[in-house]
Amino acid sequence: MSTMMVAGNWKMNASTLTNTDLTNALVAGAATLTNVQMVVFPPAPYLGQVQELLADSAIALGAQNVSDKAQGAYTGEVSATMLKDFGVKYVLVGHSERRSLYGESDAIVAAKFKAVKTAGLIPVLCIGETLAQREAEATLDVVNGQLQAVIDLVGVAELATAVVAYEPVWAIGTGLTASPEQAQEVHQAIRAYLATQDAAVAEQVQILYGGSVNAATANELFAQSDIDGGLVGGASLDAQAFLAIGQAAQS
Ligand code: 13P
């Protein structure tokens, strides 16, 4: 991968006031970044606001969730074409919080991935093991299974133009970052697994690491050969911290 990506998942933290301050600071600070694609993922009601704030910036807009359905009588849902209408380019699918707190199965995640692709947007497919699964040495079975559920529905070729985010559940919001070696080991294994199905896809797919990434840990993580950037939660709410992670991705 030539261009690294640093993506900020704001989760359910936003207001029109804080969005303005945060986005304006990011736009100003990101103007000097090169060779790194910065992306922000605000909560859905604020996509229009953040789209306007980002208007003259190279920072891309992302959404945290999407319906698996195209349109119709699905109260409360937001379709991929609606997201596209607000300038969204990237969409998170299968974040561990969606899987564990909202019961999203591998099948639903795969259907959402397909809906995002059908609308011409780029899915960021989140995969990762729990602490119990890691301790049971099931990490690779878990992440490969999560990947395969998507491949079974859409075919492996669709991964070439998608983003995968490896987010070990035990590292999310806990302050426990996977070590660069632990992360690299899984990223390499994900690429090796994809290579058994399509070598070109394995080479092209962009794989981000997520889980307590901050300005202090980013340098070493991004130095790993199979880590193509980061998906950042908490630290993405602080403009200076997020920009510092962007800088780490450049070096
Ligand atoms: P934290 O960076 O807060 O651990 O969150 C990671 C994450 O879930 C990003 O999607």
Side-chain angles (χ1 to χ4, degrees), residues 7-23 26 39-55 59-128 130 142-143 145-155 158-159 161-167 169 172-173 208 210-211 231-234 236-237:
N9 174 8
W10 295 359
K11 307 194 179 182
M12 200 169 73
N13 303 289
S15 71
T16 50
L17 206 62
T18 59
N19 296 343
T20 302
D21 288 350
L22 175 56
T23 310
L26 292 177
V39 191
V40 292
F41 294 78
Y46 299 105
L47 288 168
Q49 183 202 6
V50 178
Q51 177 190 24
E52 284 184 18
L53 291 166
L54 291 176
I59 301 173
L61 187 61
Q64 297 175 20
N65 190 22
V66 64
S67 177
D68 59 321
K69 306 290 196 297
Q71 73 165 102
Y74 303 104
T75 302
E77 292 292 285
V78 175
S79 73
T81 50
M82 292 173 190
L83 298 177
K84 191 175 184 184
D85 208 12
F86 280 89
V88 165
K89 187 164 177 200
Y90 298 93
V91 186
L92 299 183
V93 294
H95 190 281
S96 72
E97 287 150 18
R98 303 285 332 157
R99 292 180 190 262
S100 68
L101 302 173
Y102 299 96
E104 289 191 8
S105 62
D106 279 347
I108 291 282
V109 172
K112 289 185 173 194
F113 184 104
K114 186 175 180 183
V116 171
K117 277 284 192 167
T118 302
L121 303 180
I122 301 173
V124 179
L125 172 65
C126 304
I127 59 177
T130 63
V142 169
V143 296
Q146 290 169 334
L147 270 178
Q148 192 59 46
V150 170
I151 294 169
D152 285 346
L153 185 68
V154 301
E158 291 291 323
L159 267 294
T161 47
V163 179
V164 171
Y166 169 58
E167 298 204 302
V169 177
I172 294 177
L208 312 182
L231 179 55
V232 185
S236 73
L237 298 170

Value for OH (Tyr46) from OG1 (Thr16), rounded to nearest 0.5 Å, stands at 6.0 Å
State the CD-CG distance between Glu97 and Leu92, to the nearest 0.5 angstrom. 10.0 Å
Is a side-chain donor or acceptor of Gln51 paired with a backbone partner of Val88 at a separation under 3.5 angstrom? no
Applying side-chain hydrogen bond (donor to acceptor under 3.5 Å, both in side chains) to Ser96 and not counting sequence neighbours gives none
Are Leu83 and Val66 side-chain neighbours, meaning at least one heavy-atom pair lies under 4.5 Å? yes
Kindly compute the distance separating OH (Tyr90) from CD1 (Ile122), expressed to the nearest 0.5 Å. 4.0 Å
Mind listing the closest non-hydrogen atom pair of Cys126 and Glu167 along with its distance? SG-OE1, 4.2 Å
How far does CG of Leu159 sit from CZ of Phe113, to the nearest 0.5 angstrom? 5.0 Å
Heavy-atom closest pair, residues Val91 and Asn65: CG1-O, 4.0 Å
Residue pairs meeting salt bridge (charged side-chain N to carboxylate O under 4.0 Å, His left out), one or both in residues 84-95, sequence neighbours left out, come to none
Residue that, paired with Phe41, satisfies side-chain contact (heavy atoms from CB on, under 4.5 Å) out of Val124, Val50, Val232, Leu61: Val124
Assess, by modelled atom type and distance only, whether the side chains of Gln49 and Thr20 contain a donor and an acceptor separated by less than 3.5 Å. yes
Those residues at least two apart in sequence (or on a different chain) that pass side chain to side chain contact (heavy atoms under 4.5 Å, CB included) with Ser67 are Lys69, Glu77
Does the pair Val40 and Leu54 meet the rule for a side-chain contact (heavy atoms from CB on, under 4.5 Å), with working shown? CA-CA 10 Å; Val40 292; Leu54 291 176; 3.9 Å; yes
CG on Leu121 to OG1 on Thr161, rounded to 0.5 Å: 11.5 Å
Nearest 0.5 Å, please: how far is CG in Leu26 from CG in Leu53? 10.5 Å
If you compare all heavy atoms of Val93 against all heavy atoms of Val109, which two are closest, and at what distance to 0.1 Å? C-CG1, 4.3 Å
Enumerate the salt bridge (charged side-chain N to carboxylate O under 4.0 Å, His left out) contacts for residues 104-125, please, sequence neighbours excluded, ordered by first and then second residue. Arg98-Glu104, Arg99-Asp106, Glu104-Lys112, Lys117-Glu158
Begin from the C-alpha positions of Gln64 and Met12 and carry the test side-chain contact (heavy atoms from CB on, under 4.5 Å) through to its verdict. CA-CA 9 Å; Gln64 297 175 20; Met12 200 169 73; 5.8 Å; no
Give the minimum heavy-atom separation between Leu237 and Leu22, together with the two atoms involved. O-CD1, 3.7 Å
With sequence neighbours left out, what residues match Ser105 under side-chain hydrogen bond (donor to acceptor under 3.5 Å, both in side chains)? none
To check you understand the geometry: which heavy-atom pair defines the closest contact between Pro42 and Leu47, and what is its length? CD-CD2, 4.0 Å
Residue list, side chain to side chain contact (heavy atoms under 4.5 Å, CB included) with Thr18, at least two apart or on another chain: Ser15
Between Tyr166 and Leu231, is there a side-chain heavy-atom distance shorter than 4.5 Å? no
Which heavy-atom pair separates Ser236 from Gly8 by the least distance, and what is that distance? CB-CA, 3.4 Å
